[in-house]
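Side-chain atoms are counted along with the backbone in the values below, which use heavy atoms only and exclude waters and symmetry mates.
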Number of protein chains: 2
Amino acid sequence: MSTKEKILDVAERLFADHGFASTSLRDITAEADVNLAAVNYHFGSKIDLLKAVFARRFGPVNAERLERLDALEDPDTEQVLRAFFAPLFKRLREPGSGWAKFMQLVGSTHSDTNDEIRACMLEQIRVIAARFTETLAATLPELPPDVFSSRVHFVVGAMAHTFAFCRHKDMPLVHQLPEPDAILENLVDFAVAGMTAPVGNVVAPG
Amino acid sequence: MSTKEKILDVAERLFADHGFASTSLRDITAEADVNLAAVNYHFGSKIDLLKAVFARRFGPVNAERLERLDALEDPDTEQVLRAFFAPLFKRLREPGSGWAKFMQLVGSTHSDTNDEIRACMLEQIRVIAARFTETLAATLPELPPDVFSSRVHFVVGAMAHTFAFCRHKDMPLVHQLPEPDAILENLVDFAVAGMTAPVGNVVAPG
DNA sequence: GTCTATACGAAGATAGAC
DNA sequence: GTCTATCTTCGTATAGAC
């Protein structure tokens with residue numbers, strides 16, 4: 001395995017387990033058994049290494065997402081959501097492939113307050129998110145735009161938190177977490193019900 | 001204002017805006033116009049400063065949450081969720097009080113991969129979360145335990161992401177975000193629908 | 001009791017030798 | 001391509017002023 005690939009693999013795992021800011025380049029290069037300066041040579045900087053970690057995996061996932069979305073004719077809310085979630089979830093079935101760690105990293109990065117760090121992931125999903133948001137909105141034509149926006153936020157949050165912690169041990173309050181395929185079904189059930197919920201009391205703006 | 005309070009205020013804001021790891025004690029003490037060593041004197045360490053930031057605000061919020069929960073007799077799903085969310089949301093109505101920044105910090109810390117950082121917040125809500133999870137489960141007796149667990153994760157994720165980003169400008173995909181009170185109503189509608197959704201296809205474990 | 005000045009080791013980044 | 005040396009900034013610790 002090349003130095004570059006060794007760094008990518010170890011960085012992905014350590015970023016996911018301890019967070020980007022809390023992981024030092026010395027941790028990565030020591031565990032990958034390469035020289036400290038190799039990171040700067042191959043990737044330029046720590047933040048560019050993070051970008052490379054995201055770019056490597058999002059390519060095939062996003063391609064499959066678009067394929068699934070384009071294959072739908074007159075899609076409903078569930079089909080759109082499933083087309084977005086399934087391509088990532090199905091890769092969890094390959095143990096040892098690193099996809100579980102990657103998903104964990106995606107989830108935590110999605111909620112990172114640091115704009116520069118979050119941008120490394122957002123630049124990978126910006127185009128695809130726009131396509132899916134647009135198509136999803138079309139399945140809910142009667143929903144007020146501000147309610148739709150709020151609910152998309154809620155779905156994104158539910159997804160991100162699930163990605164980040166669905167396999168985490170330190171969850172004393174919520175036990176008995178099911179298998180990846182079952183989590184996907186639970187997430188789709190939940191998100192469809194949330195997106196299509198009746199609109200309750202309207203609060204006047206201002 | 002005392003040195004201790006100045007440090008707490010500035011730390012809360014900078015941790016919320018840039019993340020805990022990306023904020024240096026020198027950033028904090030420079031903006032608070034106090035000496036660097038004052039942090040170590042008053043709080044002991046950077047992580048203990050974070051704990052103090054959480055402890056200051058969670059006290060009154062959690063007390064009100066328990067009051068509202070105890071006041072309910074034979075509560076339904078919506079009432080339990082509202083008793084948890086409302087005490088924090090209502091404080092957003094006081095502009096300049098720092099509660100919006102605190103909420104942002106709570107949301108991002110909830111999704112932090114670093115166990116030590118997340119523990120600073122979890123220790124503040126552990127007892128209360130157990131009470132609410134237990135009461136919430138009682139309102140959904142027919143829901144399979146693993147589905148309930150998944151859905152609680154989803155609600156927590158929706159909440160955390162909303163806290164962290166509901167006032168953020170860098171959200172090009174989702175516009176027209178409503179006012180705090182409307183976000184609370186939207187969140188309650190969404191979470192109630194998600195928690196009470198019919199259980200779809202059951203996936204065999206393993 | 002409070003606060004300040006200052007020093008130490010470790011971190012990320014980078015220039016230049018090989 | 002790879003590695004050493006070095007720069008700046010970080011969290012932390014300590015001695016002492018008020």
Value for CZ (B:F190) from CE (B:M159), rounded to nearest 0.5 Å, stands at 13.5 Å
Mind listing the residues from residues 9-19 of chain A sitting with a heavy atom below 4.0 Å of DNA chain D? Number order is fine.
none
Is there a side-chain contact between A:F43 and A:K4 (heavy atoms, below 4.5 Å)?
yes
B:R13: what forms a salt bridge (charged side-chain N to carboxylate O under 4.0 Å, His left out) with it, not counting sequence neighbours?
B:E31
Between C:dT2 and B:Y41, is there an OP1 or OP2 to side-chain N/O distance shorter than 4.0 Å?
yes
Indicate whether OP1 or OP2 belonging to C:dG1 is found under 4.0 Å from a side-chain N or O atom of B:H42.
no
Over how many whole Å does the gap from B:F43 atom CZ to D:dT12 atom C1' extend?
16 Å
Minimum side-chain heavy-atom gap B:V34-B:T29 below 4.5 Å:
yes
Distance check needed: D:dC10 P versus B:L49 CG, whole Å only.
16 Å
Can you check the A:K4 NZ to D:dT2 C1' distance for me, whole Å?
15 Å
Measure the acute angle between the ring planes of A:F132 and A:F84, then classify it against the limits of 30° and 60° as parallel, tilted or perpendicular.
perpendicular
Decide if the gap between the ring center of A:F89 and the ring center of A:F163 is smaller than 6.0 angstrom.
yes
For A:H153 and B:H161, take the angle between the two ring planes, folded into 0 to 90°, and tell me which bin it lands in: parallel under 30, tilted 30 to 60, perpendicular over 60.
tilted
Interatomic distance where CG belongs to B:N35 and P belongs to D:dG11 [whole Å]
14 Å
Should B:K6 and B:D9 count as an ion pair when the cut-off is N to O under 4.0 Å?
no
Quick one, give me the B/S/- string for nucleotides 7-18 of chain C, reading 5' to 3', where B means a protein heavy atom under 4.0 Å from the base and S means that only happens at the primed atoms, P, OP1 or OP2.
----BBSB----
